[in-house]
Enquirer: 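This is the structure I want to talk about, given as structure tokens.
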2 protein chains.
Amino acid sequence: MQQKHVLIVEDEAPIRDMIRFALERADFSVAEAEDAQSARLAIADHLPDLVLLDWMLPGMSGAELAREWRRDELTQNVAIIMVTARVDEDDRVRGLNIGADDYVTKPFSSSELIARVRAVLRRSLPGGEDECLELDGLSLDAASQRVSAGADAVRLGPTEYRLLRFFMSNPERVYSREQMLDRVWGQNVYVEERTVDVHIRRLRKALAPHGFDKFIQTVRGSGYRFSSKSL
Amino acid sequence: MQQKHVLIVEDEAPIRDMIRFALERADFSVAEAEDAQSARLAIADHLPDLVLLDWMLPGMSGAELAREWRRDELTQNVAIIMVTARVDEDDRVRGLNIGADDYVTKPFSSSELIARVRAVLRRSLPGGEDECLELDGLSLDAASQRVSAGADAVRLGPTEYRLLRFFMSNPERVYSREQMLDRVWGQNVYVEERTVDVHIRRLRKALAPHGFDKFIQTVRGSGYRFSSKSL
DNA sequence: AATTTGTGTGACACATCCGTGACAGCATCA
DNA sequence: TGATGCTGTCACGGATGTGTCACACAAATT
């Protein structure tokens, strides 16, 4: 399964670290935020698959934050697990009514946390959005993992597919090799940066018969960009 | 979605009440029974879409009851979720061999229960009775549990049948082995992921004489896809 | 022009994934 | 009791994808 991205929203640094450690160990990619404001920034930067949201935050409470996200088109499908110190049944019910998918009460073991994270992600998967990307004749359907150039199908390896998928969801923007490794390969794998070049080449070669290799543009000294405009 | 009818078979009244409350809150219609005898009456009165069946019952055990229903033409398509206090791996395996669709172990949260009920119903949703799937010459009739390729009948084992049924209900979409285990085998069953491959093979072999094995496509690194389109 | 820096390309060893046949455990039925 | 059919697991081999390297080539810098 593809690596999942989790955002931790928690004001106490030690707990944050513990959670991050457990998640990374279980091969999730992790982002952190310590309050509502930084959480918004983190979400804007990279939409997570799941948010671990502390109930009590300085300033705006986690509950309000959750309600805010549930109202927003962009974030309403992101899974939310509430993290709370309270044992009150009231809070649990309130949390679930707000739209949290699950809750964990402190103190919790890291294995319990991971189990719940996995369960929630698995549950939200099958109904996942039927993402269908299209750009100027080149189209990619996430549900069937099919890529077609005009009428013809394009045959891609797993990494090439993920790379193209990343490009097509983020066109018209330059990414460094490091950024691409983080987001296509996963953030705690170490591979040479030049490996990106090789996969770019393979992807270009696969798209070439239909002329779509022009969409992948080299920006010397910076990285690559995906665009239908030739420039 | 139409309102679904659930029968609770459970001898302890408090647990029955808890389950009834959770189910009605989630907008299911509910019937209750406290032993095998009253369960038979309840079923005769109104055929449920799903039965929550306690493992231990006074007199006849839930397991025997399940076996009885699975043999009967009328009841064999009714989904069954076993409810058990035991954590024994043995019982889980035995229960699933009997034909239960899923398992819940006490104690369980009401949200977990609802989630599982929904999952099982979703799995067997499209039709329940008169479901008849057809794709490009390959057809599956849920009522008679018969599969035919063109004019010829195809002989399938139970798991192969459920697998094909799952595929035909969800074509043109890639599923991971984990997702397939969840939806074809049941949610908390632990079997090796490679087991999926073996059943894929058996299903392919059964479909091969008519050329329909091409419909099951391997998506390397991700899982499988069912589609009449070649690639 | 010569040098330096960055990128394209082909090759290759290696890891991973998947198809396949075999097998033992189990339930069912004669 | 033995025969049969179904299931989950394993081991093996082949197919495919992967990361890295060396070298060719292009662009910027001197």
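As the structure is a computational prediction, the values presented were derived from the model and not from experiment. Each chain gets a letter, A, B and so on, in the order its sequence line appears, and its residues count up from 1.
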Enquirer: Over all strands shown, is Tyr224(B) touching base, sugar-phosphate only, or nothing at heavy-atom distances under 4.0 angstrom?
Expert: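 Sugar-phosphate only.
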Enquirer: Would Ser144(A) and Glu172(B) count as having a side-chain donor-acceptor pair, cut-off 3.5 Å?
Expert: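 Distance-only check fails for Ser144(A) and Glu172(B).
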Enquirer: Closer than 4.0 Å, any side-chain N/O of Thr218(B) to the OP1 or OP2 of dG19(C)?
Expert: yes
Enquirer: Can you find an N or O donor on one side and an acceptor on the other, under 3.5 Å apart, linking the side chain of Arg220(A) with the base of dT5(C)?
Expert: yes
Enquirer: Ignoring backbone atoms, test whether Arg201(B) places a side-chain nitrogen or oxygen under 4.0 Å from the OP1 or OP2 oxygen of dG19(C).
Expert: no
Enquirer: Would you please say whether a donor-acceptor pair under 3.5 Å links the side chains of Ser29(B) and His5(B)?
Expert: yes
Enquirer: Provide the closest heavy-atom pair for Met168(A) versus Leu138(A) in the form atom of the first, atom of the second, distance.
Expert: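 Closest pair (atom of Met168(A), atom of Leu138(A), distance): CE-O, 3.4 Å.
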Enquirer: Hey, which sits more toward the 5' end of DNA chain D by its nearest nucleotide, Leu156(B) or Val196(B)?
Expert: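 Closer to the 5' end of DNA chain D: Leu156(B).
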Enquirer: Side chains of Arg183(B) and Ser169(B): any donor to acceptor distance under 3.5 Å?
Expert: no
Enquirer: Just N and O in the side chain of Arg177(A): are any of them under 4.0 Å from OP1 or OP2 of dT7(C)?
Expert: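 For Arg177(A), the contact criterion (side-chain N or O under 4.0 Å from OP1 or OP2 of dT7(C)) is met.
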Enquirer: It should be established whether Arg155(A) places a side-chain nitrogen or oxygen under 4.0 Å from OP1 or OP2 of nucleotide dT16(D).
Expert: no
Enquirer: Heavy atoms from C-beta onward define the side chain here; which of dC21(D), dC6(D), dT18(D) lies closest to that of Val198(A)?
Expert: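 For Val198(A), the side-chain atoms sit closest to dC21(D).
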Enquirer: Please check the phosphate of dT9(D) (OP1 and OP2 only) for any side-chain N or O of Thr195(B) closer than 4.0 Å.
Expert: yes
Enquirer: Answer with yes or no whether Arg194(A) presents, from its side chain, a donor or acceptor under 3.5 Å of a partner atom in the base of dG8(C).
Expert: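 For Arg194(A), whose side chain was compared with the base of dG8(C), there is a donor-acceptor pair (under 3.5 Å).
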Enquirer: Which sits closer to the 5' end of DNA chain D, Gly157(A) or Val191(B), going by the nucleotide each is nearest to?
Expert: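 The residue whose closest nucleotide sits nearer the 5' end is Val191(B).
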Enquirer: Under 4.0 Å between a side-chain N or O of Trp185(B) and OP1 or OP2 of dG8(D)?
Expert: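 True: Trp185(B) side-chain N/O within range (under 4.0 Å) of dG8(D) OP1/OP2.
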Enquirer: Do Arg177(A) and Ser222(A) meet the criterion of a side-chain donor-acceptor pair at a distance under 3.5 Å?
Expert: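 Ser222(A) and Arg177(A) do not have a side-chain donor-acceptor pair below 3.5 Å.
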Enquirer: Going by modelled atom types, is there a donor-acceptor pair between the base of dG8(C) and the side chain of Arg202(A) at under 3.5 Å?
Expert: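 No, the side chain and the base share no sub-3.5 Å donor-acceptor pair.
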Enquirer: Taking for each residue the nucleotide of DNA chain C bearing the nearest heavy atom, is the 5' side occupied by Val219(B) or by Gly221(A)?
Expert: Gly221(A)
